[in-house]
Amino acid sequence: MLYRLYQPGDFAALYAIEETCFQSPLRFPRAFMHELVASSDAATWIAEDQGQMTGFAIVEWSRSEDEAPAYIQTIEVSPEERQHGIGAELLRRLETSAQAARAESIWLHVDVGNSSAIHLYESHGYQYQGKEERYYARHRPALIYAKALILEP
Ligand SMILES: CC(C)(COP(=O)(O)OP(=O)(O)OC[C@H]1O[C@@H](n2cnc3c(N)ncnc32)[C@H](O)[C@@H]1OP(=O)(O)O)[C@@H](O)C(=O)NCCC(=O)NCCS
């Protein structure tokens, strides 16, 4: 498996994974996804096997505030590629990018019923911070998880 940063020609394959992983209204709209992957205050990591995209993940941070928290927008692995450690490796890559951007912590929302994602975050040191009612599509609650990052001096 190859892990690398997003390139502009990746959008179609990336959005095809988004469409497989999430249905409306939980799916990111195409225009919002375009903005995210093009942002200079975000990193999009791609997992690829023999030229085929198998997953991707996006982290955002604040450029204006040093040591501000970074935010995981999403981690998505194609259904047939799950349970092989791709999600975990993408998560590690996001943390490395957040550290390089001087984020002091990293946090995320996850759907209350998304047990595989909750398991992934908990097993990588993310701690439950609380619940946000009506986060997804105004009626599905989200759990908030966060992890402190060790900053290089
Ligand atoms: C959540 C998600 C990203 C996890 O991706 P994944 O690639 O299956 O995750 P991993 O394989 O890294 O880890 C999941 C489990 O797979 C198993 N696993 C990992 N490597 C394995 C291997 N080599 N062989 C067999 N099983 C393995 C483990 O049980 C692991 O749990 P662990 O942390 O206790 O070891 C994936 O389920 C997904 O894309 N879901 C839909 C999108 C989504 O909901 N994203 C989250 C948004 S908040």
Side-chain angles (χ1 to χ4, degrees), residues 1-7 10-39 41-62 68-99 101 103-150:
M1 197 66 58
L2 171 73
Y3 294 90
R4 60 167 177 83
L5 287 167
Y6 175 87
Q7 293 163 0
D10 289 327
F11 191 82
L14 180 149
Y15 202 74
I17 294 178
E18 171 75 16
E19 289 179 318
T20 313
C21 290
F22 292 107
Q23 307 307 312
S24 180
L26 299 185
R27 183 182 294 161
F28 283 170
R30 199 175 281 270
F32 178 69
M33 190 70 98
H34 260 299
E35 264 177 47
L36 277 179
V37 297
S39 169
D41 296 331
T44 301
W45 280 95
I46 303 294
E48 190 175 80
D49 187 23
Q50 297 175 2
Q52 194 80 12
M53 194 182 296
T54 55
F56 72 94
I58 306 175
V59 63
E60 271 191 312
W61 54 81
S62 162
Y71 182 70
I72 295 179
Q73 281 287 355
T74 195
I75 301 186
E76 302 180 28
V77 176
S78 292
E80 63 279 11
E81 304 287 347
R82 291 179 191 163
Q83 304 283 308
H84 291 97
I86 298 173
E89 184 56 33
L90 286 169
L91 184 56
R92 283 190 282 272
R93 302 284 171 140
L94 297 188
E95 291 175 3
T96 305
S97 290
Q99 279 169 314
E104 51 87 42
S105 63
I106 188 162
W107 70 291
L108 58 100
H109 288 94
V110 59
D111 187 285
V112 71
N114 193 342
S115 53
S116 48
I118 291 169
H119 173 80
L120 176 68
Y121 298 129
E122 286 184 344
S123 65
H124 288 83
Y126 286 72
Q127 291 185 331
Y128 176 70
Q129 306 292 312
K131 191 174 180 182
E132 204 166 314
E133 301 291 347
R134 300 163 158 264
Y135 176 76
Y136 293 107
R138 300 211 178 129
H139 63 276
R140 279 199 67 83
L143 307 184
I144 297 169
Y145 277 83
K147 178 179 178 176
L149 296 174
I150 296 158

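No hydrogens, no waters, no symmetry mates; every other heavy atom, side chains included, goes into these values. We count ligands from 1, going down the list as the structure has it; atoms in each ligand are counted the same way.
Annotation: atom 43 (C) of ligand 1 to nearest protein heavy atom, F22 CZ, 3.5 Å. Of all protein heavy atoms, the one lying nearest to atom 34 (O) of ligand 1 is H119 NE2, 2.7 Å. Scanning the protein for heavy atoms near atom 20 (N) of ligand 1, the closest one is G85 N, 3.2 Å. Regarding atom 7 (O) of ligand 1, its nearest protein heavy-atom neighbour is G87 N, 2.8 Å. Among all protein heavy atoms, the one lying closest to atom 41 (C) of ligand 1 is R82 NH2, 3.4 Å.
Near A88, meaning under 4.0 Å from any of its heavy atoms, are these atoms of ligand 1: 12 (O). Under a 4.0 Å criterion applied to the non-hydrogen atoms of Y121, ligand 1 contributes the atoms 48 (S). When each atom of ligand 1 is checked for a heavy atom of S116 under 4.0 Å away, the hits are 37 (O). Those atoms of ligand 1 that come under 4.0 Å of a heavy atom in A117, given as number and element, are 1 (C), 46 (C). Residue S123 has at least one heavy-atom neighbour below 4.0 Å for each of these atoms of ligand 1: 33 (O). Every atom of ligand 1 is numbered from 1 in the order shown, and the set under 4.0 Å from a heavy atom of N114 is 43 (C), 44 (O), 46 (C).
Taking distance alone, with nitrogen or oxygen atoms compared against 3.5 Å, V77 approaches ligand 1 more closely than that limit. The shortest N or O to N or O distance between V110 and ligand 1 is not below 3.5 Å. Between E81 and ligand 1, not a single N/O pair is under 3.5 Å apart.
Of the charged side-chain nitrogens involved, at least one lies within less than 4.0 Å of a carboxylate oxygen, so that R92 and E89 count as a salt-bridged pair. With respect to the salt-bridge test (charged N to carboxylate O, under 4.0 angstrom), the residues K147 and E122 do not qualify.
The closest non-hydrogen atom to atom 47 (C) of ligand 1, taken over I75, I72, T20, comes from I75. The nearest non-hydrogen atom to atom 4 (C) of ligand 1, considering only L26, L120, T54, comes from L120. Ranked by closest heavy atom to atom 29 (O) of ligand 1, the top entry among Q83, E122, E76, H109 is Q83.
Aromatic ring pairs are classed by plane angle as parallel below 30°, tilted from 30° to 60° and perpendicular above 60°; the pair F11 and Y15 is parallel. Ring orientation note: the planes of Y145 and Y128 are nearly perpendicular, at an angle over 60° on the 30°/60° scale. Taking the six-membered ring where the residue is Trp, Y71 and H109 present perpendicular rings, their angle passing 60° and hence far from 30°.
Under the side-chain contact (heavy atoms from CB on, under 4.5 Å) criterion, S39 pairs with D41, A42, not counting sequence neighbours. R4 meets the salt bridge (Lys or Arg N to Asp or Glu O under 4.0 Å) test with D10, E48; sequence neighbours excluded.
Remark: the backbone N or O of V112 is not paired with any side-chain donor or acceptor of R140 at under 3.5 angstrom. In this structure, H119 contributes its side chain and A117 its backbone to no donor-acceptor pair below 3.5 Å.
At a distance under 4.0 Å, a protein heavy atom can be found next to atom 38 (C) of ligand 1.
More than 12 heavy-atom neighbours from other residues, nucleotides or ligands sit within 6.0 angstrom of CG on L2. The 12-atom threshold is exceeded at CD of E80, counting heavy atoms of other residues, nucleotides or ligands nearer than 6.0 Å. Within 6.0 Å of the CD atom in Q127, the count of heavy atoms belonging to other residues, nucleotides or ligands does not exceed 12.
Contacts with ligand 1 closer than 4.0 Å are made by no heavy atom of E89, backbone or side chain.
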